[in-house]
Visitor: 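Quick one: the structure is below, and I'll ask about it shortly.
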Amino acid sequence: MTAQSCPRQHCATTMDSAALEPTLYTVKAIFILDNDGNRLLSKYYDPDLYPSMKEQKNFEKNVFNKTHKADNEIAFLEGMTIVYKSSIDLFFYVVGSAQENELMLMAVLNCLFESLSQMLRKNVEKRTLLDNMDGVFLVVDEIIDGGVILESDPQQVIEKVNYRADDNPLSEQSVAQVLQSAKEQIKWSILK
């Protein structure tokens, strides 16, 4: 019997090929957890995948419970392919669909880790990460946009992040320093 003579088989074949269509939307989610499984950063790129905060946190907790004691780099959970890496007191995760190429996801994970390692001067741990969270978000945004992988070379990511930081006049000074300077200018203009 051919696919044309059996509509049911044709429909199943069409659905299977549609599910395996290549797409640029490779990454479903990316998140960083501390060694207790608490979220430090998360970005979900598929609005249908865990749309509520509660669902996201449950998924992250399940992933953490499955991976935090394992020596592997890849896990399969809830129909997702998950690649991960740990460093001191942090766990880094990149999530893709079940059919996604693990090497692509691993390239994103390695780029994220190496970029953060360079940015944080090889001190990839919770306290340093939290102190530099604005830069961490910039790194993630340079690597992935809406689930599409933009860059997988850590050196390129760091150059772009540094370029962006140089464009920002506040990058040299903290917000507190800028506010203090503004207060002093206002004080001197009132006294004149």
Side-chain angles (χ1 to χ4, degrees), residues 14-34 37-68 70 72-87 90-120 124 129-130 132-165 167-168:
T14 305
M15 285 177 33
D16 288 344
S17 66
L20 297 176
E21 283 291 316
T23 178
L24 290 175
Y25 298 96
T26 304
V27 178
K28 300 286 185 188
I30 189 167
F31 49 92
I32 302 172
L33 305 177
D34 67 11
N38 298 315
R39 174 192 284 190
L40 300 176
L41 173 141
S42 74
K43 283 194 151 198
Y44 285 78
Y45 300 104
D46 185 348
D48 298 328
L49 178 69
Y50 312 112
S52 74
M53 180 76 72
K54 183 179 179 181
E55 290 173 314
Q56 290 175 6
K57 287 194 171 193
N58 284 339
F59 174 68
E60 292 165 14
K61 192 58 108 176
N62 289 340
V63 169
F64 179 77
N65 288 337
K66 182 171 181 169
T67 61
H68 79 282
N72 304 328
E73 295 177 335
I74 300 173
F76 300 95
L77 183 69
E78 299 181 23
M80 298 286 130
T81 301
I82 304 157
V83 295
Y84 60 97
K85 177 181 280 211
S86 65
S87 172
L90 298 172
F91 289 85
F92 299 84
Y93 297 93
V94 177
V95 181
S97 68
Q99 297 82 21
E100 198 54 64
N101 183 334
E102 294 92 356
L103 295 175
M104 294 283 288
L105 297 175
M106 191 58 78
V108 170
L109 179 66
N110 288 333
C111 181
L112 172 66
F113 186 81
E114 291 302 319
S115 298
L116 291 178
S117 181
Q118 287 181 34
M119 185 182 83
L120 302 174
V124 185
L129 186 94
L130 290 173
N132 295 283
M133 197 55 101
D134 55 341
V136 175
F137 277 105
L138 285 174
V139 165
V140 170
D141 289 343
E142 286 298 331
I143 298 171
I144 306 163
D145 184 25
V148 177
I149 301 170
L150 299 177
E151 187 61 68
S152 61
D153 179 8
Q155 195 59 44
Q156 291 293 320
V157 171
I158 289 299
E159 285 177 19
K160 290 177 183 176
V161 168
N162 285 338
Y163 176 74
R164 278 178 144 181
D167 284 348
N168 184 352

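Note that the numbering runs from 1 along the sequence shown for the chain.
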Visitor: For the side chain of Thr81 and the backbone of Phe76, is there at least one donor-acceptor N/O pair under 3.5 Å apart?
Guide: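 Here the side-chain-to-backbone pair does not exist.
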Visitor: For the pair Tyr84 (side chain) and Asn72 (backbone), establish whether a donor and an acceptor sit closer than 3.5 Å, ignoring hydrogens and angles.
Guide: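 Flag set: sc Tyr84 to bb Asn72 pair under 3.5 Å.
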Visitor: Taking the side chain as C-beta and beyond, is there a heavy-atom pair between Tyr25 and Asp46 under 4.5 Å?
Guide: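 Contact flag for Tyr25/Asp46 side chains = no.
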Visitor: Might you point out which heavy atoms bring Val140 and Tyr45 nearest each other, and give the distance in Å?
Guide: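 Heavy atoms only, the tightest pair is CG1-OH, 3.6 Å.
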Visitor: Between Glu151 and Glu142, which heavy-atom pair has the shortest distance, and what is it?
Guide: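 Where Glu151 meets Glu142 most closely, the heavy atoms are CB-O, 3.7 Å.
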Visitor: Using a 6.0 Å cut-off, check whether atom CE of Met133 has over 12 heavy atoms from anything other than its own residue.
Guide: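 More than 12 within 6.0 Å, yes.
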Visitor: Should the heavy atoms of other residues, nucleotides or ligands under 6.0 Å from CD of Gln118 be counted, would the total exceed 12?
Guide: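 Atom CD in Gln118 is crowded, with more than 12 foreign heavy atoms closer than 6.0 Å.
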Visitor: Please tell me if the side chains of Val136 and Met119 come closer than 4.5 Å, counting only heavy atoms from C-beta onward.
Guide: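 A side-chain contact exists here, since the closest heavy-atom pair is under 4.5 Å.
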Visitor: A side-chain contact here means heavy atoms from C-beta on lying under 4.5 Å apart; do Lys43 and Ile144 qualify?
Guide: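 Counting from C-beta outward, Lys43 and Ile144 never come under 4.5 Å.
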Visitor: Who passes ring pair (Phe, Tyr, Trp, His ring centres under 6.0 Å) against Phe64, sequence neighbours left out?
Guide: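 Applying ring pair (Phe, Tyr, Trp, His ring centres under 6.0 Å) to Phe64 gives His68, Phe91.
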Visitor: Test of understanding: with salt bridge (charged side-chain N to carboxylate O under 4.0 Å, His left out), list the residues that count as partners of Lys66, not counting sequence neighbours.
Guide: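 Testing Lys66 for salt bridge (charged side-chain N to carboxylate O under 4.0 Å, His left out), a comparison that skips the adjacent residues, returns none.
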Visitor: Would you mind listing every salt bridge (charged side-chain N to carboxylate O under 4.0 Å, His left out) that reaches into residues 97-119, with sequence neighbours excluded?
Guide: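 Passing the test, one end in residues 97-119: no pairs.
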Visitor: Not counting sequence neighbours, list each pair that qualifies as a side chain to side chain donor-acceptor pair (under 3.5 Å) and has a residue in residues 48-59.
Guide: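 Of all non-adjacent pairs touching residues 48-59, those that pass side chain to side chain donor-acceptor pair (under 3.5 Å) are Arg39-Gln56, Tyr50-Glu78, Ser52-Glu55.
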Visitor: Check ring pair (Phe, Tyr, Trp, His ring centres under 6.0 Å) between Phe31 and all other residues, then give those that pass, not counting sequence neighbours.
Guide: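 Per chain and number, Phe31 pairs via ring pair (Phe, Tyr, Trp, His ring centres under 6.0 Å) with Tyr93.
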Visitor: Search all heavy atoms of Ile143 against all heavy atoms of Ser115 and return the closest pair with its distance.
Guide: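 Nearest pair, atom of Ile143 first, then Ser115: CD1-OG, 4.4 Å.
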Visitor: Is there a side-chain contact between Val27 and Leu105 (heavy atoms, below 4.5 Å)?
Guide: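 They are in contact (side-chain heavy atoms under 4.5 Å apart), so the answer is yes.
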Visitor: Quick check: do Met80 and Leu49 have side-chain heavy atoms less than 4.5 Å from each other?
Guide: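 In contact.
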Visitor: Would you name the heavy atoms of Thr67 and Ala75 that are closest together and state the gap between them?
Guide: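 Shortest heavy-atom separation between Thr67 and Ala75 comes out as CG2-CB, 4.0 Å.
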Visitor: List the residues meeting side-chain hydrogen bond (donor to acceptor under 3.5 Å, both in side chains) with Asn110, not counting sequence neighbours, and say none if there are none.
Guide: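 Checked Asn110 against side-chain hydrogen bond (donor to acceptor under 3.5 Å, both in side chains); matches are Lys85.
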